[in-house]
Protein chains: 2
Amino acid sequence: MSTPTPPKPRRGRAYRGVSIEARRAERHQKLLDAGIQVIGSQGYHATTVKAVCAEAGLTERYFYESFSNSEALLCEAYAHIIAQLRERIGTSLSAHQAQPDTLIEAALNSYFTYLRDHPGHARLMMVEVLGVSPTVDQHYRRVMEDFAEFLAATRRGLYPAQDTHGVDEMMIATGLIGALVNMAMRWMLSGFRESPESVVAAARTVLLAVNRHLLEG
Amino acid sequence: MSTPTPPKPRRGRAYRGVSIEARRAERHQKLLDAGIQVIGSQGYHATTVKAVCAEAGLTERYFYESFSNSEALLCEAYAHIIAQLRERIGTSLSAHQAQPDTLIEAALNSYFTYLRDHPGHARLMMVEVLGVSPTVDQHYRRVMEDFAEFLAATRRGLYPAQDTHGVDEMMIATGLIGALVNMAMRWMLSGFRESPESVVAAARTVLLAVNRHLLEG
DNA sequence: TACTTCTGACAACAAGCCATGTCAACATTG
DNA sequence: CAATGTTGACATGGCTTGTTGTCAGAAGTA
């Protein structure tokens, strides 16, 4: 009965000086970045687990440690990109408070330059998320709705006493968001040839036009 | 040497009273309709050759008689739908000549009611064609460009002497097309709950606003 | 040092689907 | 009637990929 008490290292221990949570988080981040990179360049349907792992410098097992499948990666990548974009727009807005014209200009500048500086992100958020599955479509729809709501709310903030003349504010905001998306898509698909200033100017024209129209009745 | 001259029926003969061309065309049409149906309801990536053939009531061999692969079917289905939509808009336009307001109203009515009456077509042309392959993306881009060009040309026809104030007409038209698409998508994804009139009204507001803005400088 | 966990490279298995092939039954022509 | 084209049901091969498993070596712990 003199069983020598076997050494019992607990699992979840540190490795190379980093805790298990930190390692996990690091791998997760690597996979997320790699996923955005691969999906943004090859397209979602040409993206394999193997390719993402190769890009991340990890083996396939760790993929399933972080994501249950490719679709989960896509969703998280999408959410990540949208959050980044939101933040960028938000900070640029807070620098130009309450002056409608410069507000719009700043927001549009943030939007279009972000897409140009991250073409992979642009492709993912505008093209690759569509038509993947009902789940992903739901996320997309939600994001669109949020942006439209944000646009409508911002306008309401600038013109509080404004009557809506019975028009569907959200539907119009949805249209305007669609205008921005389509302009961006055209700009992207043409390889960002035109200057950001001219694209911003066109977008500004549309937003201001509708704003004026709603104000003047 | 009295080899009896073997009967030599030419191939490509009639069958059940229809010529080979007619049978081929009939099968092609059946497969196209079935493809639109299946892709429009299940989504392109969930669509298999087998399912399309089952829907068409044909065997898989005939699929490859008409299409080299699923992508070819998707492209032709897309082109078919766009042509239908164009025709529908065109005929409704020719009935309301040269009166800007009713012109827009008629075109928007055709557009939105077409989508509502053919939700499968709507899904295919707005969602399923995106992110499939560079080839299909090219088609999509071309269609968008054509619609934008059509919109810009129509406007030029109504206001020939109009100065463009240096703004990029095509970029603005692209934005407006995007607005229409996004409104339609929202309408579709919410199950066409709102009345077509209210959607048309919102779309009209956007188009008229930009038009007015461009006219008044 | 002895034992355990962690890691990475790779194998293995199952599943799905595209694309083609086989074969018997039916239709047509001479 | 006989020979051949046509059709439909079904089978088959082959490829790709997702997902899990194996195993040896490195790193940590008692």
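Below, read A as the first sequence line, B as the second, and so on, with proteins coming before strands; counting in each chain starts at 1.
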Does [X] reach a base, just sugar-phosphate, or nothing at all? Heavy atoms under 4.0 Å.
| X | value |
| --- | --- |
| A:Arg61 | base |
| A:Arg24 | nothing |
| A:Phe63 | nothing |

In whole angstroms, how far is the [atom2] atom of [N] from the [atom1] atom of [X]?
| X | N | atom1 | atom2 | result |
| --- | --- | --- | --- | --- |
| A:Asn69 | D:dT17 | CG | P | 16 Å |
| A:Glu71 | D:dT17 | CD | P | 18 Å |
| B:Glu21 | D:dG5 | CD | P | 17 Å |
| B:Tyr44 | C:dC17 | OH | P | 13 Å |
| B:Arg13 | D:dT4 | CZ | C1' | 7 Å |
| B:Glu65 | D:dT6 | CD | C1' | 11 Å |
| B:Arg23 | D:dG5 | CZ | P | 13 Å |
| A:Glu26 | C:dT7 | CD | P | 10 Å |

Contact under 4.0 Å: [X] side-chain N or O vs [N] OP1/OP2:
| X | N | value |
| --- | --- | --- |
| A:Arg11 | D:dT29 | no |
| A:Arg16 | C:dC6 | no |
| B:Tyr15 | D:dT6 | no |

Quick one, B:Phe67 with B:His28, criterion ring pair (Phe, Tyr, Trp, His ring centres under 6.0 Å). Give me CA distance, side-chain angles, the key distance, then yes/no. CA-CA 9 Å; B:Phe67 307 98; B:His28 189 87; 4.7 Å; yes
Hey, is [atom1] on [X] packed in by over 12 heavy atoms from elsewhere, all under 6.0 Å?
| X | atom1 | value |
| --- | --- | --- |
| B:Gln138 | CD | no |
| B:Gln84 | CD | yes |
| A:Arg141 | CZ | yes |

Carefully, step by step, assess A:Gln29 and A:Asp33 under the rule side-chain hydrogen bond (donor to acceptor under 3.5 Å, both in side chains). CA-CA 6 Å; A:Gln29 190 60 44; A:Asp33 291 344; 3.2 Å; yes
Pick the closest DNA chain C nucleotide for A:Leu58 and for B:Lys50 by heavy atoms, then say which residue is nearer the 5' end. A:Leu58
Taking the nucleotide of DNA chain C with the nearest heavy atom to each, does B:Thr48 or A:Tyr62 sit closer to the 5' end?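 Whichever sits nearer the 5' end wins; that is A:Tyr62.
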Out of D:dT4, D:dT19, C:dC6, which nucleotide sits closest to the side chain of A:Tyr64?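 Looking only at heavy atoms from C-beta outward on A:Tyr64, the closest nucleotide is D:dT19.
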Hey, which sits more toward the 5' end of DNA chain D by its nearest nucleotide, A:Ser70 or B:Gly57? B:Gly57
